[in-house]
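Each remark here refers to the structure printed beneath this line.
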Amino acid sequence: MTDERPGPDARYTRLAANHLPPGLADRWTALLRPCVRLRHATAADRPVATLGGTP
């Protein structure tokens, strides 16, 4: 049995497919995937990046 739930990037994959040529849509979606999976760290997680703050 496979998990057929759409991933967090499904909305953007459809957007790219509807507005970009196929090769460009595939490339754009591949670049986007790591960003779509970012989430807030919990107390048990080790953060990998911090956005914002004083430089």
Side-chain angles (χ1 to χ4, degrees):
M1 176 178 229
T2 60
D3 183 3
E4 295 185 15
R5 291 177 293 171
D9 60 324
R11 175 180 176 193
Y12 302 107
T13 300
R14 284 192 310 273
L15 180 72
N18 290 333
H19 295 280
L20 299 172
L24 185 56
D26 292 342
R27 179 73 177 139
W28 186 83
T29 302
L31 291 170
L32 175 72
R33 273 198 186 104
C35 299
V36 171
R37 292 191 170 92
L38 293 177
R39 62 181 174 79
H40 287 280
T42 65
D45 293 329
R46 180 175 168 212
V48 296
T50 302
L51 301 177
T54 305

TODO: Name all residues meeting the side chain to side chain contact (heavy atoms under 4.5 Å, CB included) criterion together with Ala30; count only those two or more places apart in sequence or in a different chain, and write none if there are none.
DONE: none
Task: Spacing of Leu31 atom CG and Asp26 atom CG [to the nearest 0.5 Å] - done: 11.0 Å
Open item on the list: Checking Leu20 now: which residues fulfil side chain to side chain contact (heavy atoms under 4.5 Å, CB included) with it, not counting sequence neighbours?
Closed with: Ala16, Leu24, Ala25, Trp28
Open item on the list: Applying side chain to side chain contact (heavy atoms under 4.5 Å, CB included), can you list everything that pairs with Asn18, at least two apart in sequence or on another chain?
Closed with: none
TODO: Mark yes or no for whether Asp45, through its side chain, and Thr42, through its backbone, hold a donor-acceptor pair below 3.5 Å.
DONE: yes
